[in-house]
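Here is the structure we will look at, set down as structure tokens.
Scope of the values below: all heavy atoms of this structure, side chains included, with no hydrogens, waters or symmetry mates.
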Amino acid sequence: MRLNPYDNVMLTPIVASSVCVQSLTGSSAVNQDSLDTAITFPAESIMIHVRAEIASGTPTTATVAWALQESVDGSTDWEAALDNTGTAIGATLTVKTVAVDSYARVEGINLAATDIDTNPGGGRMRYLRVVYTPTFTGGSSPAILVSGEYIGTPASGQNLPVRSTVSNT
């Protein structure tokens, strides 16, 4: 059998209230909907792809920071998802004059069964979400369009340990 690059790949958009592309204005964080990694997206590992378009409204500076958060129950106690070196998973994208893509690899999916601040095994809690935070200087009603997606490999049902002792993002 010949393998196809689309075999065994799961893809779901990062959404807020069923809307995939978000228009960010102001400076408040925008929480996206949670992703259940045990039922609706049972992946062994995930790549997060975030794309931010060029800012409108001619601001002097324009950035959008994205961060991955995790929770045990998907509704309370959201905290920063850390990689296995203790670094928060996310990035800041400068989009004043050019659109930018950002990628992060996330392992240890659904390996953390309890809510602990430091997970020495590098495992993730059951629920994940992405948070976008725009920052602007100047401009006339500046805005940034941002979208994202989770790309995963299906889980085998066996919880596998994190494969590396160096940063996995």
Side-chain angles (χ1 to χ4, degrees), residues 1-22 24 29-53 63-93 95 99-133 145-169:
M1 181 175 116
R2 200 169 105 187
L3 294 177
N4 184 311
Y6 302 106
D7 289 343
N8 295 322
V9 174
M10 302 177 345
L11 175 70
T12 191
I14 297 172
V15 299
S17 302
S18 301
V19 178
C20 183
V21 178
Q22 300 291 303
L24 306 178
V30 180
N31 298 328
Q32 303 303 293
D33 294 345
S34 64
L35 177 72
D36 183 345
T37 61
I39 304 295
T40 60
F41 199 77
E44 181 178 302
S45 62
I46 295 175
M47 180 189 314
I48 296 176
H49 169 228
V50 173
R51 178 169 177 88
E53 298 297 331
T63 63
V64 60
W66 71 268
L68 183 66
Q69 294 182 337
E70 58 187 349
S71 169
V72 173
D73 62 10
S75 60
T76 61
D77 197 23
W78 287 97
E79 55 191 63
L82 306 177
D83 69 11
N84 52 345
T85 65
T87 303
I89 299 171
T92 299
L93 313 174
V95 292
V100 179
D101 290 289
S102 177
Y103 299 89
R105 186 179 90 201
V106 183
E107 293 188 11
I109 303 303
N110 210 19
L111 290 183
T114 60
D115 181 8
I116 54 175
D117 290 330
T118 305
N119 191 342
R124 301 273 66 84
M125 292 180 212
R126 178 174 174 173
Y127 294 90
L128 302 176
R129 76 175 179 190
V130 172
V131 177
Y132 301 126
T133 306
L145 290 178
V146 64
S147 65
E149 59 193 351
Y150 298 101
I151 305 165
T153 56
S156 63
Q158 177 183 9
N159 288 334
L160 300 175
V162 176
R163 296 175 246 182
S164 173
T165 57
V166 297
S167 176
N168 59 2
T169 56

| task | With side chain to side chain contact (heavy atoms under 4.5 Å, CB included) as the test, would you mind laying out the steps for Val50 and Tyr132 before giving the verdict? | result | CA-CA 10 Å; Val50 173; Tyr132 301 126; 3.8 Å; yes
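- Among all heavy-atom pairs drawn from Ala91 and Ser102, the shortest one is CB-OG, 3.6 Å.
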| request: Apply the test side chain to side chain contact (heavy atoms under 4.5 Å, CB included) to residues Val130 and Tyr150: give CA-CA distance (whole Å), side-chain angles for both, the deciding distance (0.1 Å), then the verdict. | output: CA-CA 10 Å; Val130 172; Tyr150 298 101; 3.8 Å; yes
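- Of the candidates Val146, Val131, Thr133, Leu93, Trp66 forms a side-chain contact (heavy atoms from CB on, under 4.5 Å) with just one, namely Leu93.
- Shortest non-hydrogen contact noted between Ser34 and Tyr127 is OG-CD2, 4.1 Å.
- Within the 3.5 Å criterion, the main-chain N or O of Met125 finds a donor-acceptor partner in the side chain of Glu70.
- Across all non-hydrogen atoms, the minimal contact from Leu11 to Phe41 is N-CE1, 4.1 Å.
- A side-chain donor-acceptor contact under 3.5 Å links Thr37 to the backbone of Arg126.
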| field | Derivation and outcome, side chain to side chain contact (heavy atoms under 4.5 Å, CB included), residues Glu149 and Ile151 | value | CA-CA 6 Å; Glu149 59 193 351; Ile151 305 165; 4.0 Å; yes
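- Met47 CE to Tyr103 OH: the interatomic distance, rounded to the nearest 0.5 Å, is 7.5 Å.
- In this structure, CG on Leu24 lies 11.5 Å from CD on Glu53, to the nearest 0.5 angstrom.
- Atom CH2 of Trp78 is separated from atom CG of Asp73 by 8.0 Å, given to the nearest 0.5 angstrom.
- Across every non-hydrogen atom of Ala65 and Thr92, the tightest pair is CB-OG1, 3.7 Å.
- Ion pair Arg129/Asp33 not flagged as a salt bridge, since none of the NZ, NE, NH1 or NH2 atoms sits closer than 4.0 Å to an Asp/Glu carboxylate oxygen.
- Atom CD1 of Ile46 sits about 4.0 Å away from atom CD1 of Ile109, to the nearest 0.5 Å.
- At least one donor-acceptor pair closer than 3.5 Å links the side chain of Thr40 to the backbone N or O of Asp36.
- Between His49 atom NE2 and Arg51 atom CZ the span is 6.5 Å, to the nearest 0.5 Å.
- Interatomic distance, Arg124 CZ to Ile89 CD1, rounded to the nearest 0.5 Å: 4.5 Å.
- Between Met10 and Pro154, the shortest heavy-atom contact is SD-CA, 3.8 Å.
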| said: Walk me through whether Ile14 and Ile48 qualify under side chain to side chain contact (heavy atoms under 4.5 Å, CB included). | reply: CA-CA 9 Å; Ile14 297 172; Ile48 296 176; 4.1 Å; yes
